[in-house]
Amino acid sequence: MARTGKQAVAEWHSGGQWVTVPQGRVFVRATEGTEGRGPRLVFLHGYPSSGYDFRGVLDRLAGRATLTLDFPGFGLSDKPRPHGYTLFEHADVVEWVLARYSEEPVYLVAHDMGTSVATELMARDRDGELGFDLSGVVLSNGGIIIERASLRPAQRALLSPLGPLVARLTNRPMFVRQFGRLFSAEHPLGRTEAEAQWALLARQNGHRILHLLCRYVRERAVYAHRWHGAIRHWDQPVSFLWGLQDPVATTDVLAGLRQLRPSAPVVELPELGHYPQIEAPEVVAEAVLWLIGHPEG
């Protein structure tokens with residue numbers, strides 16, 4: 001009998017650990033690599049999901065040191081309320097977690113909201129204020145250039161004055177319907193995946209704070225100069241990994257990023273949507289390793 005989504009989440013949960021930060025407990029999955037296999041690969045998830053998104057990719061990186069975490073408010077981590085969730089705080093959490101886990105250099109692989117966390121960490125590195133050795137970044141399907149992104153109606157509603165009501169009315173069928181629209185026609189959202197994603201979102205009633213978690217979208221506009229500047233001027237390797245069927249972080253976003261960083265290597269995934277790491281983890285794992293092995297310049 002196939003595993004249910006809840007069983008898959010329980011298995012994922014059993015392989016992780018907790019790190020206590022000022023916002024509460026953060027869920028972390030980490031592996032130690034074979035000596036000489038390069039920097040630790042740290043995966044930063046997006047909204048509204050969690051580090052669980054990368055499980056299939058991690059399974060294909062044997063011998064590499066890896067780490068993924070659930071930001072506060074997401075997945076298996078604590079979901080404090082009332083609370084002002086910000087990208088700056090998420091960047092702080094990455095620094096706090098890595099202070100415990102990693103003395104070796106780190107290579108970030110960031111998706112969706114996580115791409116903005118990555119650019120804030122890049123900006124801190126440019127300012128000489130980063131607490132770990134960041135040796136490169138892969139950015140994947142994030143609406144970093146927010147004016148080029150295509151927000152979903154649900155996101156717009158959550159960002160509106162009606163946001164608290166929309167979050168309060170969110171239920172499983174509504175979530176699954178909206179989440180499923182982010183996947184490509186060739187790789188649709190499956191039943192087990194949908195069940196797992198809902199279980200992670202609804203833990204500690206996390207679906208009731210979606211309007212708070214969604215506020216990062218506004219920060220992308222307010223701090224565009226800082227974060228776009230980091231993409232343009234950071235002196236370590238940057239690359240882009242993009243599912244071209246993404247209805248949110250569209251190819252127009254990717255075109256804007258290429259203008260910011262013309263020298264950055266790009267892997268295009270023509271048949272994949274907003275969640276390439278879920279749709280085709282084997283393809284993403286191979287692409288990540290290729291990008292790390294072929295830095296710009």
Could you tell me whether the side chain of Gln245 reaches within less than 4.5 Å of the side chain of Phe183, counting heavy atoms only? no

What closest approach, in Å, do Pro39 and Arg64 show between heavy atoms, and which atom pair accounts for it? O-NH2, 3.8 Å

Does a donor on one side chain and an acceptor on the other come within less than 3.5 Å for Ser116 and Glu219? no

Set out, in order, the CA-CA distance, both residues' side-chain angles and the distance that settles side-chain contact (heavy atoms from CB on, under 4.5 Å) for Ile145 and Leu260, then state yes or no. CA-CA 10 Å; Ile145 306 176; Leu260 288 175; 4.0 Å; yes

Give a yes or no on whether Leu272 and Val266 share a hydrophobic cluster (residues Ile, Leu, Val, Met, Phe, Trp, Tyr; joining criterion: side-chain heavy atoms under 4.5 Å apart). no

Side chain proximity check, Thr86 to Tyr216, heavy atoms < 4.5 angstrom: no

When rounded to the nearest 0.5 Å, the distance separating OG1 of Thr251 from CZ of Arg258 is 9.5 Å

Any donor and acceptor pair, going by atom type alone, linking the side chain of Thr31 with main-chain N or O of Thr66 inside 3.5 Å? yes

Parallel, tilted or perpendicular: which describes the rings of Phe240 and Trp242, with under 30° parallel and over 60° perpendicular? perpendicular

Is the shortest heavy-atom distance from the side chain of Pro247 to the side chain of Arg181 under 4.5 Å? no

Please report the closest heavy-atom contact between Ala230 and Ala123, naming both atoms and the distance. CB-N, 3.8 Å

Could you tell me the separation between the CG atom of Asp53 and the OG1 atom of Thr68, rounded to the nearest 0.5 Å? 8.0 Å

Plane angle bin for Trp12 and Tyr52 - parallel if under 30°, tilted between 30 and 60°, otherwise perpendicular: perpendicular

Would Phe54 end up clustered with Val19 when hydrophobic side chains under 4.5 Å apart are linked, directly or stepwise? no

For the pair Arg126 (side chain) and Met122 (backbone), establish whether a donor and an acceptor sit closer than 3.5 Å, ignoring hydrogens and angles. no

Would you check if Tyr47 and Val217 make a side-chain contact, meaning some heavy-atom pair closer than 4.5 Å? no

For the hydrophobic clusters of this structure (ILVMFWY residues joined by side-chain heavy atoms under 4.5 Å, transitively), does one cluster hold both Leu158 and Trp198? yes

Once you measure the plane-to-plane angle for Phe74 and His90, does it fall in the parallel (<30°), tilted (30-60°) or perpendicular (>60°) bin? perpendicular

Kindly say whether Phe175 contributes a backbone atom to a donor-acceptor pair with the side chain of Gln178 at under 3.5 angstrom? no

So, do Asn205 and Lys79 sit near enough that their side-chain heavy atoms are less than 4.5 Å apart? no

Within the supplied structure, the quantity of interest is the number of heavy atoms (other residues, nucleotides, ligands) at a distance under 6.0 Å from Arg81 CZ; does it exceed 12? yes

Which heavy atom in His187 sits nearest to a heavy atom in Glu271, and how many Å separate them? ND1-O, 3.7 Å

Output for pair (Leu200 CG, His207 NE2), nearest 0.5 Å, gives 13.0 Å

For the student: nearest non-hydrogen atoms of Ser239 and Ala264, plus distance: CA-CB, 4.3 Å

For a side-chain contact (heavy atoms from CB on, under 4.5 Å) check, start with the C-alpha distance between His228 and Ile144, then their side-chain angles and the critical distance, and finish with the verdict. CA-CA 8 Å; His228 295 177; Ile144 308 168; 4.2 Å; yes

Do the rings of Phe88 and Tyr223 sit parallel, tilted or perpendicular, given the 30° and 60° boundaries? perpendicular

How are the rings of His111 and Tyr275 set relative to one another: parallel (under 30°), tilted (30 to 60°) or perpendicular (over 60°)? tilted

Run Leu69 and Arg29 through side-chain contact (heavy atoms from CB on, under 4.5 Å) and show every step you take. CA-CA 6 Å; Leu69 58 96; Arg29 289 267 305 217; over 6 Å; no

What verdict does the side-chain contact (heavy atoms from CB on, under 4.5 Å) test give for Leu121 and Glu95, after you've listed the backbone C-alpha separation in whole Å, the side-chain angles of each residue and the deciding distance to 0.1 Å? CA-CA 9 Å; Leu121 294 167; Glu95 292 209 61; 4.0 Å; yes

Ignoring hydrogens and geometry, is there a side-chain-to-backbone donor-acceptor pair from Arg60 to Val283 under 3.5 Å? no

Report yes or no: do Glu89 and His83 form a side-chain donor-acceptor pair below 3.5 Å? yes

Main chain of Val9, side chain of His13: is a donor-acceptor contact present, judged purely on distance under 3.5 Å? no

Are His45 and Phe71 close enough that their ring centers fall under 6.0 Å? yes

Pairwise distance CG(Asp235) to CG(Asp125) - rounded to 0.5 angstrom: 7.0 Å

Can you tell me if Glu193 and Gln197 form a side-chain donor-acceptor pair at under 3.5 Å? yes

Return yes when atom CD of Glu286 has more than 12 non-hydrogen atoms of other residues, nucleotides or ligands closer than 6.0 Å, and no otherwise. no

Closest heavy-atom pair, Leu189 versus Val176, reported as atoms and distance to 0.1 Å, is CD2-O, 4.0 Å

Selection residues 112-122 - residue pairs positive for salt bridge (charged side-chain N to carboxylate O under 4.0 Å, His left out), sequence neighbours left out: Glu120-Arg124, Glu120-Arg226

Side chain of Asp78, backbone of Arg25: donor and acceptor closer than 3.5 Å? yes

Does any part of the side chain of Leu76, heavy atoms only, come nearer than 4.5 Å to the side chain of Trp18, both counted from C-beta? yes

Between Arg220 and Thr115, do the side chains contain a donor N or O and an acceptor N or O under 3.5 Å apart? yes

If you take all heavy atoms of Pro173 and Asn171, which pair is closest and at what distance? CD-OD1, 3.3 Å

pair Val109-Val57: side-chain heavy atoms closer than 4.5 Å: no

Leu254 reachable from Ile146 in the ILVMFWY side-chain graph, under 4.5 Å edges: yes

Do Leu41 and Leu67 come within less than 4.5 Å of each other through their side chains, counting heavy atoms only? no

Hey, could you give me the CE/CG distance between Met113 and Leu87, rounded to the nearest 0.5 Å? 6.5 Å

Main-chain N/O of Phe179 paired with Arg152 side-chain donor or acceptor, under 3.5 Å: no

Does Asp70 offer a backbone N or O that forms a donor-acceptor pair with the side chain of Ser77 under 3.5 Å? yes

For residues Val166 and Leu159: do they belong to one hydrophobic cluster (side chain heavy atoms under 4.5 Å, members Ile, Leu, Val, Met, Phe, Trp, Tyr)? yes

In a table with atom names and distances, give each donor-acceptor pair under 3.5 Å that connects a side chain of residues 129-141 to protein atoms at least two apart or in another chain.
unit_1: Ser135; atom_1: OG; unit_2: Val106; atom_2: O; d: 3.1
unit_1: Ser140; atom_1: OG; unit_2: Leu241; atom_2: O; d: 2.9
unit_1: Asn141; atom_1: OD1; unit_2: Gly243; atom_2: N; d: 2.8
unit_1: Asn141; atom_1: ND2; unit_2: Gly243; atom_2: O; d: 3.0
unit_1: Asn141; atom_1: ND2; unit_2: Asp246; atom_2: OD2; d: 2.9

Please check if the side chain of Arg261 supplies one atom and the backbone of Trp234 the other of a donor-acceptor pair under 3.5 Å. yes

For Ser150 and Thr250, test the side chains for any donor-to-acceptor distance below 3.5 angstrom and give the result as yes or no. no

